[in-house]
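Each chain gets a letter, A, B and so on, in the order its sequence line appears, and its residues count up from 1.
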Amino acid sequence: MATATAPATDTHHDAHDPHATNTGISNNKLAMWLFLSTECLLFGALISTYLIYKTRGSGEVLPTDLFDIPFTSVSSFVLLMSSLTMVLALSAFGRNDLDRGKAWLLVTAMLGAVFMGGQAYEFTAFYEEGLGYTTNPAASAFYTLTGFHGAHVSIGIIMLMSLWVAANQGKLTGKNSETVEIVGLYWHFVDLVWIFIFTVIYLIPPE
Amino acid sequence: MSETTEAAVETHDDHHPSDWEYIKVAIILAAVTAAEVATYFESVFTFFETRWILLTSLFTMMIFKGWLVTRVFMHLKQDKPVLQQSFFAGVLLATAVYVVALLAFNVFG
Amino acid sequence: MAIIEEPLALTSGEQHAERPLGVLTRPQANGSWKDWVSTVDHKKIGIMYGVAAMFFFLLGGLEALLIRTQLAFPESGFLSADVYNQIFTMHGVTMIFLFVMPFAAAFANYLIPLQIGARDVAFPRLNALSFWVWLSGAIFLNTSWIVGGGGADCGWFCYSPNSGITFSPTNGVDFYAIGLLITGIASLVSAVNLAVTCLNMRAPGMSLFRMPVLTWMLLVTQFLLAFALPVITVALLLLLFDRQFDSQFFDPEAGADPLLWQHLFWIFGHPEVYIIILPSFGIISEVIPAFSRKPIFGYSFMVFSGIAIGFMGWGVWAHHMFVSGIGPISVFAFSMATMFIAVPTGVKILNWLATMWGGKLNFSTAMLFAVGTVTMFTIGGLSGVTHSLAPADTQQTDTYYIVAHFHYVIFGGGVLGLFAGVYFWWPKVFGHLLDERRGKIHFWAMLIGFNLTFGPMHVLGLQGMSRRINTYSSGFGFEFWNLVATIGSYILGASVLYFLWNVYMSKKDAPNLPAPGPDPWDARSLEWSIPSPTPEHNFDEIPVIESQDDWWFRKYNIEDDGSVVRISSAEDAAQKGDAVGVHLPSPSFWPLVLAIGLPLIGYGLIFNLWLCVVGGLLTGGAIYAWVLEPVDDPDAGAHGHDDHHDGGDPDGELATVGAAGDDTEGEG
């Protein structure tokens, strides 16, 4: 087992290349991907909790009674399109087209904000229909799940706006477009979670 | 795994799809979303009243959308396989563990 | 959490010798407290983890002695039932989250970069953050004794609905939930950081399958942590929301299912067992070869069985719940899975034995602890397999048999292994050996005390003595073995104090003894190729790795006839530690500031929401200050950036902008 072999491959690191890692992926990007994979377990637990509790209302109103599918479809569509604008922002930064990159960042953040507005409206409407956070296990699970997703979107908006400010200050250019890519990964992941939630929570009707 | 990825360090392929390709993918995503929403209108598309057809179509469309987003928007198509492996490790682990947990709660009837 | 920092330049010292950089103006080991609170050096962080964990070991040990004192005699009134509940809960929580995990983290922090030939971890500031956040959570958790109306009283597993306000009206459980959330953030950040380090920061030629077994086991542990912690995070948040915001997750009267908590807790809880045990397995996989004068037997089997344990650890959680009514199919499936997970563990035990077989054994203290680990863990493992038989488990559940089993696993398998590591790496970390004679006394006292404490619990459990009950009646035959266990626990406690005495005396004697040199044990992995104690910059020159056990092959050659010939002394082969101008990241105060904000948010949730605002501002402000602070201190060296950025782009600051939010997100 311990026979000395020639140096594995040509892995002489160039210290001047920030990508000179064993995997060829920057630490930052690898860390973000690992983080996102752990987030799957987080959202999985919240989604499972809702699925276990979705019919548990002891005679009171349930979230499934109140879903407004056309409305949620629109806000889902908005979030989906924000993924497009995010990737267009990255593409623009990659070309060092800063003006366009900044504009797409702003549009992405705004689409995210529209989605959050939709969630605020949905929560308010549900509350007025008698579904409070403490009404029953189904309600608690629904608000916690979608609220968690909303918190993720909000953090994404803060990150996008921080990028936008940095780009305006000239700190964000084509050279560090990987930063945009990494924030983008987060943003797409949040969209991905919503794709799942939209189907599993909203579209699948109760039996 | 490491040997192959280390060998690949030299080949820098940071070349991402063009904007037009992104837009095409977004159009496909929008179309699939529209199809998903269509299942809600069972009175129009009556075959969705059959539950297994409904569930199969919904899950197929959902997985297709997720696949497109990760492959194209998140660049897993071009990126090093280790990213895809670590991410899908999380996805598959979460799916397996929670499906077993839900089975224990008889969620699937 | 994905705070973005630049990879450390893996350059040799010589290349930068003409351009001394920031690090040299950094305070270096001048003893100032600022050195420690602002450090981003993985070695100092590792030491701080170790010291703090040892403090909590004493605290948890004190709680254990209180438990044993109460149970020494039947119908004792030493502790009330209520206090007893708090003590055994906090004993478990402290030992698992505040001792074993951070003590393993101490080894992970200190040794991973050294064993893979790196100058630091992938994200040095995040590493500091992990430590401070963990410490703030640990302190927060224990302040419930003072301001929370007592400790949590629901057991470390904190089953609902016992954890609800109805049955646990003090704030103890709130402190439990928030404290573990905070320490969970620390562990998650640390897990991602160290996993990236293992994957990305290896020296040239150090392919994954040339990494030492310890680094492999720690890598598997980081993945387990990364995937398990989000689950307990959700469970704790649901519990906290129930208690603070009246949500209905665990209230059976409202239709909630108490089993939800049990599932979530054990989906985390069983991988947690392997999070505790795998670092110890890794440590003894380094110690046993060194003192057997043989390479580890079946390296790839060791690695793959570790990975297999990591995977299978996810499929056995419900064996903690056999009596909760999960149904015959679940019981059957989880029984089978539990039996199978014994296989990779057995492979490991076999390989350790085979490593020792035919070796020139040297029973140093570290080796004694390692052999103790193997034997004690085997006992714990065997009693564990008996739980996979659901009918037998039904008899044993909630008896002292279970207590005996998991202490043989966690103390016998985990803690003894960690002590093996303490004796083994002490000279590398502190530059002097721990006294061997006292060490051996420590070992035997600990082993005897441990077996006297937990061995009798097998008998008590099979006799039917319930755990978690504050007393027992006389006349059931419990008296004798309880008294033996209590005497054993005092011997165990004394052995720990004797260890501290050994630490103190060894330090005092060190100046009169010869220095241990870089490689006192004639060991095999890279950390022994550099001076003791480890220089600030680790490696003068990043080594190019040509084989497994590369360092050993720099000292020895295997001739054609299979005989081993020494080709170099360790002193000659080792690096000198005298490189100058090595580029290292600059220290930062922001990890500490950020960490102080989190417990304030915690207190705010419990007592006054305005405190949340203060804590939130502190945390948020620290995140932005962190982002705007260059990774390299610009005052410390004018050319800091150019060092590893063509064109000196300022991305160190900028890149972090994006990730800033992730940290806040960890707070839930």
Rounded to the nearest 0.5 angstrom, the OG1-CZ distance for A/T49 and B/F105 is 8.5 Å

- Item | Within 6.0 angstrom of A/Y121 OH, more than 12 heavy atoms from elsewhere | no

Turns out that what part of A/A45 lies under 4.5 Å from chain B's heavy atoms comes down to both

Bottom line for B/F87: the part with an atom under 4.5 Å from chain A's heavy atoms is both

Under 4.5 Å to a heavy atom of chain B? For A/I47 that would be neither

Under 4.5 Å to a heavy atom of chain A? For B/A101 that would be neither

Under 4.5 Å to a heavy atom of chain A? For B/I23 that would be both

Side-chain contact test, heavy atoms from C-beta onward, threshold under 4.5 Å: evaluate it for A/F198 versus B/V37 and give yes or no. yes

The reported gap from NZ in B/K65 to OG in A/S76 (rounded to nearest 0.5 angstrom) is 7.0 Å

When the 4.5 angstrom heavy-atom criterion is applied to A/M81 and chain B, the contacting part is side chain

dist A/L203:CG -> B/L55:CG (nearest 0.5 Å) comes out at 11.0 Å

If you define the side chain from C-beta out and look only at heavy atoms, does anything of A/L192 sit under 4.5 Å from B/F73? no

Taken to the nearest 0.5 Å, the spacing of A/T23 OG1 from B/D79 CG works out to 10.0 Å

Point to revise | A/T199 vs B/M61 side-chain heavy atoms within contact, under 4.5 Å | key: no

Counting heavy-atom pairs under 4.5 Å with chain A, the top scorer among B/L58, B/V72, B/T33 is B/L58

What do you reckon, is CZ of A/F77 surrounded by more than 12 foreign heavy atoms closer than 6.0 Å?
no

Scored by heavy-atom pairs under 4.5 Å with chain A, the best of B/S18, B/G90, B/G66 is B/G90

**Prompt:** Under a 4.5 Å cut-off applied to non-hydrogen side-chain atoms, are B/D19 and A/R100 in contact?
**Reply:** no

Between A/L84 and B/A26, the two heavy atoms sitting closest are CD2-CB, 3.6 Å

Check your understanding: Do the non-hydrogen side-chain atoms of A/I204 and B/M62 ever get within less than 4.5 Å of each other?
Key -> no

Output for pair (A/S83 OG, B/M74 CE), nearest 0.5 Å, gives 8.0 Å

If one checks every heavy atom of B/L76 against chain A at 4.5 Å, the contacting part turns out to be side chain

For A/L41 and B/A94 the tightest heavy-atom approach is CD2-CB, 4.0 Å

Does the side chain of B/V107 come within less than 4.5 Å of A/K54's, by heavy atoms? no

Scored by heavy-atom pairs under 4.5 Å with chain A, the best of B/T95, B/L29, B/L83, B/V69 is B/L83

* **Heavy-atom check, side chain of A/L30 versus side chain of B/K80, under 4.5 Å** => no

Looking only at heavy atoms, the pair that brings A/C40 and B/V91 closest together is SG-CG2, 3.7 Å

When every non-hydrogen atom of B/H75 is compared with those of A/L90, the smallest separation belongs to CE1-CD2, 3.3 Å

Could you go step by step and tell me if B/F59 and A/V200 meet the side-chain contact (heavy atoms from CB on, under 4.5 Å) rule?
CA-CA 8 Å; B/F59 274 103; A/V200 174; 4.1 Å; yes

In the structure I gave you, are the side-chain heavy atoms of B/R51 and A/P205 within less than 4.5 Å of one another anywhere? yes

